[in-house]
> 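Please see the structure below; I have some questions.
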Amino acid sequence: MTQATQPPVRAVLLDIEGTTIPVSFVHDILFPYARKALPELLRSHGDDPAVQAQIAEIARLAPGEAPLRQLEAWMDADAKVAPLKALQGMVWAQGYADGALKATLYPDVVPALRCWAAAGLALAVYSSGSVAAQKLIYGHTTEGDLSSVFVGFYDLQMGGKRDAESYRRIVDDARWNAGDVLFLSDVVAELDAAASAGLRTCQIARPEDGTRPGTTHPVAVTLAEVAGRFGLPHPEAV
């Protein structure tokens, strides 16, 4: 079935880093902030049940390792592991609340998200960052609180982003038809997994991030270009 004869896209599932937010924001601002704040979180909130649950998960995944040492090792490796993401989310929450953190999205993102949501498209996020961290990012942007444009947020609780089964779980949870869903990401392996689950895909290749366009999925530089490629409402028309 060609793109022209495919049914219309009814839902858009979006990655964050490299897709809606520059990689530099995550790596140059969020990650260093978390690395500096995590030792104090473990010291001052070690009795908090939410923190204790993540410490227990660290012990399960890395028996015998000191929690902070293991967290630092995971950060050094940019590992996508749930306890690290959960604890990072906790310190970022305080940073956003204090006004020390504010997310800067790519300039094409906000008009597109608002346009698509207003037109009735279901928008959701799937990121390796925790759901709490996702909501913080979109709830504290330089252009205001955008969290209300999304109907769902998904993280590694659904499974790895390079595993087709994760996308099946998301589609089932949202009660979507896989063929009606467009997944946007800068990572070809994630797009491959989504396509294996029956989703439609488009790679976001941001020049600012040096993303290399692949050859197996449609490629777009901006969300406005995605709109043109897939027949979505165009931000400039609203």
Side-chain angles (χ1 to χ4, degrees), residues 14-106 109 124-142 144-147 150 152-163 166 185-187 189-190 206 208-210:
L14 300 105
D15 172 48
I16 296 180
E17 182 184 347
T19 299
T20 62
I21 287 181
V23 170
S24 60
F25 174 75
V26 177
H27 286 266
D28 297 344
I29 297 176
L30 288 185
F31 284 176
Y33 186 93
R35 183 180 288 270
K36 184 177 179 179
L38 278 172
E40 178 59 25
L41 175 73
L42 296 180
R43 279 195 300 267
S44 60
H45 296 278
D47 293 333
D48 185 313
V51 174
Q52 287 183 334
Q54 300 309 322
I55 291 174
E57 183 64 5
I58 294 169
R60 185 184 72 81
L61 295 173
E65 288 293 335
L68 181 58
R69 184 187 299 272
Q70 185 58 47
L71 289 168
E72 290 172 340
W74 281 333
M75 284 188 283
D76 290 340
D78 193 20
K80 314 296 185 183
V81 287
L84 170 62
K85 296 300 181 180
L87 291 169
Q88 285 175 326
M90 292 179 196
V91 298
W92 289 333
Q94 189 59 52
Y96 284 113
D98 293 342
L101 295 173
K102 191 163 286 190
T104 301
L105 309 182
Y106 286 111
V109 169
V125 178
Y126 180 32
S127 172
S128 59
S130 68
V131 166
Q134 296 171 27
K135 291 180 177 179
L136 286 168
I137 285 175
Y138 288 112
H140 299 82
T141 81
T142 55
D145 184 350
L146 299 174
S147 56
F150 297 105
F153 295 87
Y154 298 97
D155 60 16
L156 295 179
Q157 295 298 318
M158 291 291 108
K161 295 187 71 183
R162 302 184 182 202
D163 182 355
S166 304
S185 173
D186 59 319
V187 180
E190 297 175 3
R206 301 282 187 179
E208 302 94 327
D209 288 332

> State, yes or no, whether a side-chain contact exists between Thr20 and Ile137 at a heavy-atom distance under 4.5 Å.
no
> Check step by step if side chain to side chain contact (heavy atoms under 4.5 Å, CB included) holds for Met75 and Leu84.
CA-CA 8 Å; Met75 284 188 283; Leu84 170 62; 3.7 Å; yes
> Pro22 versus Arg206: any side-chain heavy-atom pair under 4.5 Å?
no
> Find out whether Glu17 and Asp209 are in side-chain contact, i.e. whether some heavy atom of one side chain is under 4.5 Å from a heavy atom of the other.
no
> Should the pair Tyr138 and Phe153 be assigned to parallel (<30°), tilted (30 to 60°) or perpendicular (>60°) ring geometry?
tilted
> Hey, mind stepping through Leu105 and Leu146 against side chain to side chain contact (heavy atoms under 4.5 Å, CB included) and telling me if it holds?
CA-CA 11 Å; Leu105 309 182; Leu146 299 174; 3.5 Å; yes
> Applying ring pair (Phe, Tyr, Trp, His ring centres under 6.0 Å), can you list everything that pairs with Phe25, at least two apart in sequence or on another chain?
none
> Would you please test Val131 and Gln157 for side chain to side chain contact (heavy atoms under 4.5 Å, CB included) and show each step?
CA-CA 9 Å; Val131 166; Gln157 295 298 318; over 6 Å; no
> Please report the shortest heavy-atom distance between Ser166 and Gly160, naming the atom on each side.
OG-O, 2.6 Å
> Donor-acceptor check, side chain of His45 to backbone of Leu41, threshold 3.5 angstrom: yes or no?
no
> Let me confirm one number: the NE2-CG distance from His140 to Asp145, rounded to the nearest 0.5 Å.
7.5 Å
> Kindly indicate whether the side chain of Tyr106, heavy atoms from C-beta on, has any atom under 4.5 Å from the side chain of Glu208.
yes
> Does the distance from a Lys or Arg side-chain N to an Asp or Glu carboxylate O, for Asp155 and Lys135, drop under 4.0 Å?
no
> Does the pair Glu40/Arg43 count as a salt bridge with the N-to-O cut at 4.0 Å?
yes
> Which atoms form the tightest heavy-atom contact between Ala103 and Tyr96, and what is the distance?
N-CE2, 4.2 Å
> Nearest 0.5 Å, please: how far is CD1 in Ile16 from CG in Asp186?
11.5 Å
> Tell me every residue that passes ring pair (Phe, Tyr, Trp, His ring centres under 6.0 Å) with Tyr154, counting only those two or more places apart in sequence or in another chain.
none
> Could you pull out the closest heavy-atom pair between Pro32 and Asp28, with the gap in Å?
CG-O, 3.5 Å
> Give a yes or no on whether the backbone of Tyr126 and the side-chain of Lys161 come within a donor-acceptor separation of less than 3.5 Å.
yes
> Using residues 49-57 as the side-chain source, report each donor-acceptor pair under 3.5 Å to any protein atom, sequence neighbours left out, with the distance given to one decimal.
residue: Glu57; atom: OE1; partner: Arg60; partner atom: NE; Å: 3.0
residue: Glu57; atom: OE2; partner: Arg60; partner atom: NE; Å: 3.3
residue: Glu57; atom: OE2; partner: Arg60; partner atom: NH2; Å: 2.6

> Which pair of heavy atoms, one from Trp92 and one from Leu136, lies closest together, and at what distance?
C-CD1, 4.0 Å
> Evaluate the side-chain proximity of Leu87 to Ile58: yes if any heavy-atom separation is below 4.5 Å, no if none is.
yes
> What do the steps show when you test Thr104 against Ile29 for side chain to side chain contact (heavy atoms under 4.5 Å, CB included), and what is the final call?
CA-CA 11 Å; Thr104 301; Ile29 297 176; over 6 Å; no
> What is the minimum heavy-atom distance between Glu190 and Ser185, and which atoms define it?
OE1-OG, 2.7 Å
> Counting only heavy atoms not in Asp47 (residues, nucleotides, ligands), do more than 12 fall under 6.0 Å from its CG?
no
> Identify the heavy atoms of Ala133 and Gly89 that sit nearest to each other, and give their distance.
CB-CA, 4.2 Å
> If you round to the nearest 0.5 Å, how far is OG of Ser128 from CD of Gln134?
8.5 Å
> If you measure from NZ on Lys85 to OG on Ser127, what distance do you get to the nearest 0.5 Å?
7.0 Å
